[in-house]
**Q** 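Got a structure here, written out as structure tokens. Questions coming.
A, B, ... follow the sequence lines: proteins, then strands. Residue 1 opens every chain. All of these numbers come straight from a predicted model, not from anything done at the bench.
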Amino acid sequence: MHRWSELFIPTLREAPADAEVASHKFLVRAGYIRQLAAGIYSYLFLGNRSFNKIMAIVRQEMDRIGQEFFLPALHPREIWEASGRWALMGDNLFRLKDRKGADLALGMTEEEVMTEIARKELRSYKQLPQIWYQIAPKFRDEPRPRSGLLRVRQFMMKDAYSFDIDAAGLDVSYKKHYDTYCRIFDRCGLKYMVVEADSGAMGGKESHEFMVRTPAGEDQIVSCDGCDYAANMEKATSKLDVVPDLAPEGDGKPLEVHTPAQKTIEDVARFLGVLPKYTIKALALMTDEKDEKTGNTKSRAIVVLMRGDHQLNEAKLNGTVAIATRPMEEGEIRALFKSPAGYLGPLGIEWAKDLKKDADRPLLLVDEALEGRTNLIAGANKENYHAKNLTPGKDFHPTAYADLRSVTAGEACPNCGKALRIDTAVEIGHIFKLGCRYSESMGARVLDKNGKEVTPIMGCYGIGIERILTAAVEQSNDENGFWLPPSIAPFEIVVTPINVKDQTLLKAAVDIVGRLDAAGFDVILDDRDERPGVKFKDADLVGIPFRINVGKKVTEGTVEVVLRSTREVRDVTISSVVEHFQGVLRAKA
RNA sequence: CGGGGCGUAGCGCAGCCUGGUAGCGCACCUGCCUUGGGCGCAGGGGGUCCGCGGUUCAAAUCCGCGCGCCCCGACCA
């Protein structure tokens with residue numbers, strides 16, 4: 001029997017000053033966690049209990065489709081070299097040396113280790129498909145740990161990897177994970193949504209993120225209330241209203257107009273008496289690519305043209321050019337384009353003809369929203385002048401058109417046309433068709449039916465254990481504390497005798513706890529010699545979804561059952577308490 | 001990596017400007033009292049004032065360097 005008086009549940013009346021988001025404040029106040037260092041937390045009794053319940057659910061569901069491993073957190077440099085990620089991961093990878101001076105890394109994910117096993121052990125198509133998973137700590141040297149448990153440097157992750165003989169097999173493994181994830185998050189009592197995700201520079205592969213809407217989140221998701229369209233910002237698109245173009249002026253050729261001291265889109269549009277959507281915004285960017293051998297940095301200029309009222313989506317740009325970019329400095333703009341910053345435009349510059357060719361020329365990337373438009377207004381590459389009558393493809397030639405725009409709330413859904421909404425959310429799971437990136441680079445091969453060597457195709461699938469807890473807290477809290485879904489709460493029920501010095505009450509409470517225990521419920525007895533108010537406040541704080549008050553009414557054979565989420569109180573006879581909770585808590589099971 | 005803030009008892013903070021006894025609330029311990037929403041009274045314990053160096057008769061306080069933590073941005077399978 002769990003007796004509160006004997007347990008270490010250090011609740012705090014006040015939250016630490018540096019806690020900002022609800023989950024951080026409450027998990028600390030409720031005695032679930034304590035911080036050890038930036039982004040590194042200890043899980044105390046209650047936190048660990050909740051944690052174990054989440055992991056048990058994940059494990060149970062994953063065992064239906066895969067096999068659990070336990071892999072080292074300490075990885076030799078070699079396997080990260082083999083996958084090419086030793087250089088790629090940069091400072092996010094924790095690195096250390098052993099006594100002999102050999103390089104080691106703390107695992108941030110386990111593609112390398114899993115693929116290493118596959119490489120050594122898998123020989124035949126007959127051994128496929130395989131789904132291997134583990135639940136283990138991961139380490140990332142985040143530049144900025146934040147928001148309590150939301151972004152940390154050590155965290156628990158369920159990561160799974162699938163190996164299939166072909167793309168059709170991968171589709172099956174992927175679908176299994178998709179369904180399993182839904183079951184896991186359903187059982188954890190989360191209100192989540194699944195969004196299409198960007199698969200990064202590798203391109204073309206499928207990816208979904210499992211998200212929980214909460215203002216504490218770090219991601220933006222776009223969704224439609226009218227249909228099931230949902231995507232993250234990097235992937236989201238929308239249907240734009242057709243803009244009737246301006247009529248050409250004069251002979252229809254590019255026409256310079258005097259725009260003294262009008263630099264921003266808003267200024268120019270107002271000055272010329274048009275809406276910003278008739279203008280072109282030119283963004284000058286640079287890539288700095290370091291040559292590994294020579295150590296020299298190669299830079300390339302990229303100019304992005306957007307409709308005047310649109311925002312560039314850097315993730316989309318990244319996906320298009322497959323390299324990091326930075327804003328160009330004013331001096332660079334002057335030197336390269338002979339144009340003052342603020343008056344940059346596409347005219348009179350020799351642009352690369354193709355993404356692959358003309359490596360010495362700057363790239364001109366034009367957002368799709370400008371494709372087919374005519375008679376637009378852009379900078380004239382000349383102080384105090386803009387140019388009218390610009391038509392892409394005629395007056396200048398883009399290197400490429402691409403979807404580079406960030407969707408904004410209220411734009412039309414690409415599926416059904418209803419207004420899109422944008423919410424912040426926390427990512428709790430991510431499934432991803434990896435392809436052969438790791439199996440290829442690390443040399444995993446199996447023989448197929450025909451005795452031919454083929455590279456297994458992989459998928460990877462992650463769940464953040466902390467984030468399930470965090471999301472659950474963010475989802476259900478008020479000024480007094482939070483309540484967790486019973487499936488992941490440290491205890492399902494707290495039994496609170498109003499006065500433990502009153503032997504009748506204490507005895508009745510012990511009896512009730514005993515019977516609930518015996519019936520398989522997770523119960524805690526708050527037998528502390530505290531005033532009722534103190535015990536109620538603590539009970540409200542620590543996330544337990546049900547409370548049983550054992551008070552005066554015991555003499556009439558009843559106790560109160562309080563539902564934390566709604567504060568709904570209900571008298572239940574002592575004799576039927578177990579039955580009552582079997583109805584409430586075990587109905588679905 | 002750019003910008004900002006903070007570091008004094010377990011938690012929340014004052015003191016620092018203007019150098020001289022280290023304080024308040026909560027928590028904790030003892031006793032009494034109280035028992036349906038963080039009760040009351042009395043007594044008590046607890047501090048390398050983030051660290052190092054400097055100035056000074058004297059440093060929590062002034063100066064320098066360092067470290068840690070938080071926030072915004074950048075970054076982020």
**Q** With both distances kept under 3.5 Å, what pairs with B:G51, Watson-Crick or G-U wobble?
**A**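 Checking every strand shown, B:G51 finds its partner in B:C65, with both distances under 3.5 Å.
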**Q** For a quick test of reading the model, state the closest non-hydrogen atom pair linking A:M211 to A:I428 and the distance between them.
**A** N-CG1, 4.4 Å
**Q** In this structure, how many angstroms lie between the C1' atom of B:C75 and the CD atom of A:E314, rounded?
**A** 10 Å
**Q** Reading RNA chain B from 5' onward, which residue's closest nucleotide shows up sooner: A:Y161 or A:A17?
**A**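 By nearest-heavy-atom nucleotide position, the 5'-most residue is A:A17.
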**Q** Between A:R153 and A:M157, just flag the one whose closest nucleotide in RNA chain B comes earlier from the 5' side.
**A**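 So the residue in question is A:R153.
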**Q** For the pair made of CE in A:M108 and P in B:C75, what is the distance, rounded to whole Å?
**A**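 Those two atoms, CE and P, are 16 Å apart.
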**Q** Please give the nucleotide sitting opposite B:C75 as a Watson-Crick or G-U wobble pair, both distances under 3.5 Å, or none.
**A**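 Here B:C75 is not engaged in any pair, so there is no nucleotide opposite it.
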**Q** Have a look at A:R34 and say if it touches a base, only the backbone sugar-phosphate, or nothing, with a 4.0 Å heavy-atom cut-off.
**A** nothing
**Q** Which class fits the ring pair A:H208 and A:Y178: parallel under 30°, tilted 30 to 60°, perpendicular over 60°?
**A** perpendicular
**Q** So for atom CD, which belongs to A:E81, do other residues, nucleotides or ligands contribute more than 12 heavy atoms lying within a distance under 6.0 Å?
**A** yes
**Q** Under 4.0 Å between any heavy atoms, over every strand shown, what does A:P145 touch: base, sugar-phosphate, or nothing? Just pick one.
**A** sugar-phosphate
**Q** Using every non-hydrogen atom in the two residues, find where A:P72 and A:H75 come nearest and quote the distance to one decimal.
**A** O-NE2, 2.9 Å
**Q** Return the value, rounded to whole Å, for the distance between atom CZ of A:R146 and atom P of B:G73.
**A** 7 Å
**Q** Nearest whole Å is fine: how far is B:C69 C1' from A:R144 CZ?
**A** 12 Å
**Q** Measure CD/A:E142 against P/B:C70 and give the value in whole Å, please.
**A** 13 Å
**Q** Is the CZ atom of A:R34 crowded by more than 12 outside heavy atoms at less than 6.0 Å?
**A**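 For A:R34, atom CZ is crowded (more than 12 foreign heavy atoms under 6.0 Å).
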**Q** A:F432 and A:Y161: aromatic ring centres closer than 6.0 Å?
**A**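 Here the rings of A:Y161 and A:F432 have centres that are no less than 6.0 Å from each other.
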**Q** What's the shortest heavy-atom distance between A:D527 and A:V500, and which atoms?
**A**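 In terms of heavy atoms, the two residues are closest at O-CG1, 3.5 Å.
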**Q** If we take the P atom in both B:C11 and B:U48, what is their distance in whole Å?
**A**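 Those two atoms are separated by 12 Å.
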**Q** Treating primed atoms plus P, OP1 and OP2 as sugar-phosphate and everything else as base, which nucleotides of nucleotides 35-42 of chain B get B, S or - for protein heavy atoms under 4.0 Å?
**A** BBBBB---
**Q** Using a 4.0 Å heavy-atom cut-off to protein, can you give one letter per nucleotide of nucleotides 43-51 of chain B, 5' to 3': B if the base is in contact, S if only the sugar-phosphate is, - if neither?
**A** ---------
**Q** Between B:A74, B:G25, B:C69, which one does the side chain of A:P143 approach most closely?
**A**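 Of the options given, the side chain of A:P143 lies nearest B:A74.
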**Q** Do you know the tightest heavy-atom contact between A:A230 and A:V194?
**A**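 Looking at all heavy atoms of both residues, the shortest contact is CB-O, 3.6 Å.
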**Q** Could you tell me the separation between the CG atom of A:D18 and the P atom of B:C70, rounded to a whole number of Å?
**A** 6 Å
**Q** How many Å lie between CD on A:Q35 and C1' on B:C11, as a whole number?
**A**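 Going from CD in A:Q35 over to C1' in B:C11 covers 14 Å.
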**Q** Can A:R547 and A:D526 be said to form a salt bridge (charged side-chain N to carboxylate O under 4.0 Å, His left out), step by step?
**A** CA-CA 10 Å; A:R547 184 173 84 218; A:D526 190 353; over 6 Å; no
**Q** Give A:A37 one of three labels, base, sugar-phosphate or nothing, depending on what nucleic acid heavy atoms sit under 4.0 Å from its own.
**A**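 Contact class for A:A37: sugar-phosphate only.
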**Q** Both distances below 3.5 Å, Watson-Crick or wobble geometry, any strand: find the nucleotide opposite B:G38.
**A** none
**Q** Distance check needed: B:C69 P versus A:E20 CD, whole Å only.
**A** 16 Å
**Q** With the threshold set at 4.0 Å, does a side-chain nitrogen-carboxylate oxygen contact exist between A:R95 and A:D141?
**A** no
